[in-house]
Amino acid sequence: MQLSRPGFGCESVGIHVPELPEVEVTRRELLPKLLGRRIAEVSTTRKSYFFITPPARLRRELLGRTPTQLTRFGKYLLLELDDGARLLLHLGMTGQLFFSGDPSVRLLQALRGVTLAPERQETGFTPDAHTHLVLSFADAGQSLYFRDVRKFGKVELLAPQQSSPRLDKLGIDALLAKGSDLYAASRGRSVATKTLLLDQSVLAGVGNIYADEALFIAGVSPVRRANRLKPEACDAIVAATQRVMLRSIETGGSSISDYVRPDGERGSYQDERQVYSRTGQACVRCGSVIKRRVLGQRSTHYCPKCQAR
DNA sequence: AGACTAACCTGAAAGC
DNA sequence: TGCTTTCAGGTTAGTC
């Protein structure tokens with residue numbers, strides 16, 4: 001999704017709804033910055049829909065902990081701590097995770113019209129009302145910020161050995177799946193193929209944008225009933241899903257969910273996007289008009305000719 | 001169990 | 001110009 005920000009000194013700003021690739025790139029970027037650094041200060045906004053674990057408990061129990069690992073399951077991130085507890089993070093739709101000192105932090109400041117005191121301009125970030133969790137580390141005074149305007153994101157602290165229903169019900173990670181996994185899951189399912197792809201208990205990590213792109217590449221109609229899919233179609237869908245996701249990770253273009261390009265250059269995804277949000281435009285393959293319809297409360301974009309079945 | 005829908009939330013964009 | 005409505009989307013909870 002690309003939003004125009006006329007007030008900013010460049011043409012456009014790429015803002016991505018975080019799906020698997022964005023979460024994975026975020027993980028890779030944050031990993032080396034977080035490991036082995038003790039949490040010296042924790043601040044939060046007040047109790048809200050955003051916090052599965054009450055913020056007061058987060059402030060109390062995260063203090064003094066040291067991250068030992070950062071892993072990803074589907075669109076979830078799991079920050080493992082030195083006492084065996086785990087912090088589960090989900091970016092929802094508008095979640096942004098960033099570390100002080102990142103270029104995007106300063107650009108975010110610019111977007112919001114915030115001017116920092118000179119001594120804070122290099123590494124500082126002033127949390128606003130949408131910055132719900134800040135972990136400040138002992139050395140170098142740097143911090144991890146979790147900002148989320150719409151609060152569809154989630155934070156949950158799991159005690160050592162505590163399981164998470166949210167994680168437990170995830171299906172196989174979309175990057176690790178095989179066509180046979182999708183085929184098996186599609187049996188007995190009369191829902192549209194697009195709906196099945198978005199089901200996190202089937203393939204974890206697929207969101208609306210990549211689902212549309214993958215089905216276009218695979219040449220499968222989004223409305224085709226899942227239980228009518230043949231094994232070959234499932235192979236093609238999974239291969240296409242992985243292709244678009246790996247490509248996105250590889251370019252790192254839109255990378256971190258709030259990634260903002262200083263020169264106004266568009267994120268790579270926008271350039272490679274073939275159907276998503278291209279309603280009414282010509283199909284890049286056959287020239288037909290790209291259609292849009294709503295499936296499972298999600299806008300779905302497809303080429304009626306290339307995806308006839 | 002599977003299918004379907006409303007709700008959560010905010011800000012940009014469109015409509016009037 | 002300014003107010004109102006619509007829309008976007010990941011996930012959960014609730015109903016049928």
Side-chain angles (χ1 to χ4, degrees), chain A residues 1-8 11-24 26 45-53 72-77 88-97 108 111-113 128-132 146-156 164-171 173-174 184-213 222-229 245 254 257-258 260 269-270 273 275-280 292-301:
Chain A
M1 182 189 311
Q2 182 162 310
L3 305 175
S4 178
R5 299 287 185 92
F8 194 47
E11 294 73 27
S12 63
V13 175
I15 294 184
H16 242 203
V17 171
E19 298 185 29
L20 185 154
E22 290 72 33
V23 177
E24 175 61 18
T26 299
T45 50
R46 64 177 173 173
K47 202 170 190 291
S48 76
Y49 186 77
F50 177 83
F51 292 106
I52 305 292
T53 302
R72 181 190 60 76
F73 298 93
K75 300 172 195 171
Y76 287 93
L77 284 175
L88 187 62
L89 307 170
H90 194 291
L91 297 174
M93 288 198 41
T94 53
Q96 308 167 318
L97 276 174
L108 205 60
L111 273 177
R112 291 175 26 231
D128 61 2
H130 300 305
T131 306
H132 303 293
F146 191 171
R147 183 171 185 267
D148 185 3
V149 170
R150 290 185 198 170
K151 289 192 278 196
F152 277 20
K154 292 280 173 286
V155 176
E156 181 178 21
S164 164
R166 286 178 170 73
L167 284 183
D168 291 345
K169 73 175 169 193
L170 290 182
D173 192 88
S186 69
R187 299 304 88 184
R189 298 291 301 268
S190 62
V191 290
T193 297
K194 163 76 180 283
T195 302
L196 188 74
L197 266 186
L198 291 180
D199 185 339
Q200 300 298 297
S201 69
V202 176
L203 300 188
V206 182
N208 204 37
I209 300 174
Y210 292 112
D212 279 2
E213 294 299 317
V223 297
R224 187 181 173 88
R225 301 259 178 178
N227 55 17
R228 304 278 302 278
L229 292 171
M245 287 185 164
S254 315
S257 61
D258 65 327
V260 182
Y269 171 70
Q270 282 83 354
R273 173 171 55 98
V275 285
Y276 185 80
S277 198
R278 291 194 66 240
T279 310
R292 172 187 182 274
R293 59 174 292 176
V294 176
L295 271 185
Q297 303 178 92
R298 293 291 168 261
S299 63
T300 297
H301 313 77

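Protein chains get the first letters and strands the later ones, always in sequence-line order, with residue 1 at the start of each.
- Nearest-nucleotide assignment on DNA chain C puts the 5′-proximal partner with A:R150, out of A:K169 and A:R150.
- For A:H130 and B:dG11, the shortest distance from a side-chain N or O to OP1 or OP2 is below 4.0 Å.
- The side chain of A:E19 has C:dG10 as its nearest neighbour among B:dG11, C:dG10, C:dT11.
- Pairs engaging residues 199-211 of chain A under the salt bridge (charged side-chain N to carboxylate O under 4.0 Å, His left out) rule: A:R189-A:D199 [sequence neighbours left out].
- Under the rule for a salt bridge (Lys or Arg N to Asp or Glu O under 4.0 Å), the partners of A:K194 that lie at least two apart in sequence or sit in another chain are A:D212.
- Distance, A:H301 NE2 to C:dA8 P: 8 Å, rounded to whole Å.
- End-to-end axis angle of the helix from B:dG2-C:dC16 to B:dC16-C:dG2, using five pairs per end and rounding to 10°, comes to 60°.
- When the ring pair (Phe, Tyr, Trp, His ring centres under 6.0 Å) test is applied to A:H90, the partners found at least two apart in sequence or on another chain are A:Y76.
- B:dC9 atom P lies 17 Å from atom NE2 of A:H90, rounded to whole Å.
- In this structure, the CD atom of A:Q200 is 8 Å from the C1' atom of C:dG10, given to the nearest Å.
- Legend: residues meeting salt bridge (Lys or Arg N to Asp or Glu O under 4.0 Å) with A:E24, ordered by chain and number and at least two apart, are A:R27, A:R28, A:R72.
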All N/O pairs under 3.5 Å across the protein-nucleotides 3-7 of chain B interface:
from: B:dA3; atom 1: OP1; to: A:S190; atom 2: N; distance (Å): 2.5
from: B:dA3; atom 1: OP1; to: A:S190; atom 2: OG; distance (Å): 2.8
from: B:dA3; atom 1: OP1; to: A:V191; atom 2: N; distance (Å): 3.3
from: B:dA3; atom 1: OP2; to: A:R189; atom 2: NE; distance (Å): 2.5
from: B:dA3; atom 1: OP2; to: A:R189; atom 2: NH2; distance (Å): 3.1
from: B:dA6; atom 1: N7; to: A:Q297; atom 2: OE1; distance (Å): 3.0
from: B:dA6; atom 1: N7; to: A:Q297; atom 2: NE2; distance (Å): 3.4
from: B:dA6; atom 1: N6; to: A:Q297; atom 2: NE2; distance (Å): 3.4

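- Listed pair A:K151 / B:dT10 meets the phosphate criterion, a side-chain N or O lying under 4.0 Å from OP1 or OP2.
- Taking the side chain to side chain contact (heavy atoms under 4.5 Å, CB included) definition, one finds that A:R228 meets it with A:R224, A:R225, sequence neighbours left out.
- With sequence neighbours excluded, no residue forms a side chain to side chain donor-acceptor pair (under 3.5 Å) with A:T53.
- Between A:R166 atom CZ and C:dT11 atom C1' there is a gap of 8 Å when expressed in whole angstrom units.
- Contact check for A:F51 versus A:E156: no side-chain heavy atoms found under the 4.5 Å cut-off.
- In this structure, CZ of A:F50 is placed 17 Å from P of C:dG10, rounded to the nearest angstrom.
- A:R46 pairs by the side chain to side chain contact (heavy atoms under 4.5 Å, CB included) definition with nothing, not counting sequence neighbours.
- As rounded to whole Å, 13 Å separates atom P of C:dG10 from atom CG of A:L20.
- In this structure, the side chain of A:E19 engages the main chain of A:I209 through a donor-acceptor pair within 3.5 Å.
- Atom CZ of A:R147 and atom C1' of B:dT10 are 11 Å apart (whole Å).
- Applying the ring pair (Phe, Tyr, Trp, His ring centres under 6.0 Å) test to A:F146 and every residue at least two apart in sequence or in another chain returns A:F50.
- For A:Q200 (side chain) and A:L198 (main-chain N/O), a donor-acceptor pair under 3.5 Å exists by modelled atom type.
- A search for side chain to side chain contact (heavy atoms under 4.5 Å, CB included) contacts involving A:T195 returns A:V191, A:A192, not counting sequence neighbours.
- Residue-level contact check: A:K75 touches the backbone only, with heavy atoms under 4.0 Å from sugar-phosphate atoms and none from bases.
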Taking only N/O atoms, report every protein-nucleotides 14-16 of chain C pair under 3.5 Å with atom names and distance.
none

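- Across the protein-nucleic acid pair, A:F51 atom CZ and B:dC9 atom C1' stand 15 Å apart, rounded to whole Å.
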